Amino acid sequence: MIAAVLVEVTNKNVDKLFDYLVPSSLESEIQIGIRVEVPFATRTLEGFVLEIKNSSEAKNLKEIKRVIDEKSILNKELLELGKWMANDTLSSLINCYQVMLPKALKAQAGTNIGKKYEKVYYYHPEVEVKLNKSQEEVVAAFQKKNPLSRSELHDFSKARLDRLVEKRVLEERLVEAYRLEQEEEKAVRYSLTVEQQKAVDTMIQTDKTVSLLHGVTGSGKTEVYMELIAHALKEGKQSIVLVPEISLTPQMIKRFKQRFGNQIALWHSALSEGEKYDEWRKMARGEVNIVIGARSAVFAPLQHIGFIILDEEHSDSYKQDSSPRYDTKQVAIQRALYHGGKVILGSATPLLETYARAKKNVYQLVELPHRINGKALPRVEVIDMNQEIRKAKGHFSLPLIEAMKNRLEKHEQIILLLNRRGYASVITCHQCGYVEKCPHCDITLTYHKSANVLRCHYCGYATKVQEVCPSCHEKSLHDIGVGTEKIEEELKTLFPDVHVIRMDVDTTSRKGMHEKMIKAFAAHEADILLGTQIVAKGLDFQDVTLVGVLNADTSLMIPDFRSSEMTFDLLSQVAGRSGRSQKEGEVLFQTYNPNHYAIVCAKNNDYSRFYQEEMAIRKVMKYPPYYYLVSINLASRDASLALLEAKRSEKVLAKYLDKTIILGPSPASVFKKYNIYRYQLILKYQHQDNLHEVLTKLVDYYAANQKIKLELDFYPLHL
Ligand code: ADP
Ligand code: ZN
């Protein structure tokens, strides 16, 4: 017997199968999709068995050393999915398989059970077998509660339980200890509103593979997801729920656990690699029906998928930004097609591309335009900093200070957002808020200090930095840097007795700090929570009645074609943090651009108007969803080599891609990192049949070159 093995040869972007002899002692263990250890040159490497055959062209075959898994970890579907992904993203197959699997490649089957697990017995009354008296006694213990943990069954010997397990009256499982604790809680079941029920019915009945659930914050999307999952369960099907970051969604997970209890597996970064491996096997054996996790949970090895749900589908986190640069949505669709299942995309502010597809009837569009119980969205006011800056105290306008005083007197809480996206290298006028944009690409120019120029990092357009502002003629052009520390100081001067929690990358870098701060704020240990984007996400504090955005503009200046969209999302999200309980909420945006549509639409909670305005610009500027993008980076330790090769690539591409616009080469947005320099080419196209073919050639050309690396992204969210 001979096995063709896909081996991981690091540093090479090439896939090659190597034939190995299967020693007779291992013949019974070898399966397609199983991992093995093989000798390779002077080393021992791991690889996947992809074919089993009787003969080989190669001579002097070496023997497989060891079989790693007890059962193949990549089933037929996942093996195919990997191949599809390798082709879709032009990455190596081995890379795709690695990203699909938990890293615990070296984990021995079954030996990684951490102490968080407990043995639990499930009683199956439906199993009809004769029981003796002693066994009846055991079963009687399950009258009040089912399942019971080993410690709750301490009256009975293990042998006594084992015999019932053999008869399948009891089922033994290892369960994470904390899951059990929550079973005591009773699930709150709401009857769905008419709107929710209609949404559920539409998504079940539609013949479309993908549905967009567009619902304002608080419209009850989570409840809708759960109903869909329950429907799938009834049909014997399983579901995957994807969330942007699992540590930021404890409240949502709690609701799922209350309703579905032990049928859920959580897939998140806090699991040790050993635990991940165990969870993986549980899923593969069909012991769980619902998997909740971040991006990589899309590869959960479930056997009968009903729904794959992407909550907050607009989130950047669904895009893998290292090779293979897959788009989770595309993977989800691919899996749904295989299983005859469906993909549900949920968001209050869908990605423009998603909404456009729904509008064109490619996706089923389902809208939830109202909050549950008719609760109003908070009142938003825009403060025009052009008027207010002269009277302001530091970065705080008088109306914001007044509003804060008012809330503090009532012992209510405040969230302040310092928008720091796009912070790094943008020059703006501190008098009027002017920023200089690229005349060709409509994105903000990036400041290059050493050369004292402003440059477009898409097309390379460059211009000298001006002394006076071209708009208001004041000598006030500076970079936009203000940090949370400075704001904290200003707060201390304004409100000396008030407690402030500052939440940013610096203060939350230590593990557990983020959660600790949230708890402290919830317990009223501080009156003000000051932070960067982190404070906008998913937080739910009952007593927050004021949200202040200090600088709504900075994200508008991010040198990226999505800057308006990101601003609209961020402002809509943070506004939703105010007035979540009975007390009415208030939101203030400080801005130099009070008439910018991203800010006006966020104020009015008007997604549809924002969509129209933004689409018009995307059309003129030839951006998605009107055009597709590909980003190509040439990366090297040698900056001039990277530039030279980028220029050569540009020539080759220009020759073969007749219907594609090529921008660059220009320094990538992250030009230098870990001593690697990157030059970027951007492709914009609508139809280009030979695109894959041409790019494959380019990838192959650079694969052998050690000095330069080609990085290809077919689904760049940002450029
Ligand atoms: P979204 O995910 O759209 O922001 P949620 O699903 O979190 O909204 O729902 C918002 C609130 O409304 C939650 O507290 C939820 O428990 C409650 N809720 C949802 N559906 C119903 C319903 N049918 N009846 C009563 N309350 C509901
Ligand atoms: Zn440009």
Side-chain angles (χ1 to χ4, degrees), residues 185-200 212-230 241 243-244 248-256 258-259 309-315 344-350 366-378 435-446 453-463 536-542 559-561 563 572-573 575-577 579-582 605 607 620-623 629 661-669 680-682 684 719:
E185 294 181 42
K186 270 276 158 299
V188 204
R189 277 288 281 280
Y190 301 109
S191 47
L192 294 186
T193 62
V194 175
E195 232 176 40
Q196 282 172 320
Q197 188 61 53
K198 213 177 126 207
V200 169
L212 167 61
L213 179 62
H214 175 219
V216 299
T217 50
S219 58
K221 292 188 289 294
T222 311
E223 215 64 31
V224 170
Y225 302 152
M226 291 198 286
E227 203 60 32
L228 290 171
I229 292 168
V241 182
V243 293
L248 295 181
T249 41
Q251 285 155 324
M252 178 170 172
I253 286 163
K254 195 168 165 201
R255 276 161 70 187
F256 271 87
Q258 284 172 347
R259 176 137 175 204
I309 296 163
L310 280 77
D311 187 38
E312 308 286 356
E313 68 88 30
H314 61 280
S315 165
I344 309 294
L345 307 174
S347 176
T349 51
V366 179
E367 309 247 20
L368 291 175
H370 305 109
R371 280 192 154 180
I372 292 281
N373 299 332
K375 220 188 254 171
L377 287 157
V435 285
E436 190 136 347
K437 288 190 159 189
C438 172
H440 314 295
C441 306
D442 195 43
I443 63 157
T444 306
L445 298 176
T446 307
V453 293
L454 299 172
R455 182 176 282 134
C456 171
H457 80 94
Y458 287 7
C459 73
Y461 167 87
T463 175
K537 285 180 196 156
L539 298 180
D540 193 356
F541 299 110
Q542 296 288 306
D560 190 289
F561 72 94
S563 60
S572 306
Q573 239 176 55
R577 303 304 119 215
R580 294 178 73 87
S581 61
Q582 304 314 319
N605 191 41
Y607 179 85
V620 175
M621 300 309 302
K622 302 194 162 95
Y623 286 123
L629 299 174
I661 301 166
I662 305 174
L663 300 183
S666 60
S669 62
Q680 183 176 41
L681 294 170
I682 296 168
K684 290 174 164 185
L719 285 173

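Both counts, for ligands and for their atoms, begin at 1 and track the order of listing. The model shown is predicted, which means the values in this text are computed figures rather than measured ones.
Checking H457 against T446 by side-chain atom types alone, no donor-acceptor pair falls below 3.5 Å.
Excluding water, every protein N/O/S atom under 2.8 Å from the Zn ion (ligand 2) is given here by residue and atom: C438 SG, C441 SG, C456 SG, C459 SG.
No donor-acceptor distance shorter than 3.5 angstrom exists from the side chain of Q196 to the backbone of E223, with no hydrogens or angles considered.
Counting heavy atoms from C-beta on, the side chains of L663 and L719 never come closer than 4.5 Å. For the pair L445/Y461, a side-chain contact is recorded, criterion being any heavy-atom separation below 4.5 Å from C-beta on. Between L377 and T217 there is a side-chain heavy-atom pair separated by less than 4.5 Å. Within the 4.5 Å cutoff, side-chain heavy atoms of M252 are placed close to those of Y225. Residues H440 and C456 have side chains not in contact (no heavy-atom distance under 4.5 Å, counting atoms from C-beta outward).
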Within the protein, flag every N or O under 3.5 Å from an N or O of ligand 1, and note the pair and distance.
from: ligand 1; atom 1: 2 (O); to: T222; atom 2: OG1; distance (Å): 3.1
from: ligand 1; atom 1: 3 (O); to: S219; atom 2: N; distance (Å): 3.2
from: ligand 1; atom 1: 3 (O); to: S219; atom 2: OG; distance (Å): 3.4
from: ligand 1; atom 1: 3 (O); to: G220; atom 2: N; distance (Å): 3.1
from: ligand 1; atom 1: 3 (O); to: K221; atom 2: N; distance (Å): 2.9
from: ligand 1; atom 1: 3 (O); to: K221; atom 2: NZ; distance (Å): 3.0
from: ligand 1; atom 1: 4 (O); to: G218; atom 2: N; distance (Å): 2.8
from: ligand 1; atom 1: 6 (O); to: K221; atom 2: N; distance (Å): 3.4
from: ligand 1; atom 1: 6 (O); to: T222; atom 2: N; distance (Å): 3.1
from: ligand 1; atom 1: 6 (O); to: T222; atom 2: OG1; distance (Å): 3.3
from: ligand 1; atom 1: 6 (O); to: R255; atom 2: NH2; distance (Å): 3.2
from: ligand 1; atom 1: 7 (O); to: R255; atom 2: NH1; distance (Å): 3.1
from: ligand 1; atom 1: 8 (O); to: G220; atom 2: N; distance (Å): 3.0
from: ligand 1; atom 1: 16 (O); to: Y190; atom 2: OH; distance (Å): 3.1
from: ligand 1; atom 1: 20 (N); to: Q196; atom 2: NE2; distance (Å): 3.0
from: ligand 1; atom 1: 23 (N); to: S191; atom 2: O; distance (Å): 3.0
from: ligand 1; atom 1: 23 (N); to: Q196; atom 2: OE1; distance (Å): 2.8

- Message: What verdict does the side-chain contact (heavy atoms from CB on, under 4.5 Å) test give for V200 and L228, after you've listed the backbone C-alpha separation in whole Å, the side-chain angles of each residue and the deciding distance to 0.1 Å?
- Response: CA-CA 6 Å; V200 169; L228 290 171; 4.1 Å; yes

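Just one of H314, E312, H214 meets the side-chain contact (heavy atoms from CB on, under 4.5 Å) condition when paired with P350; it is H214.
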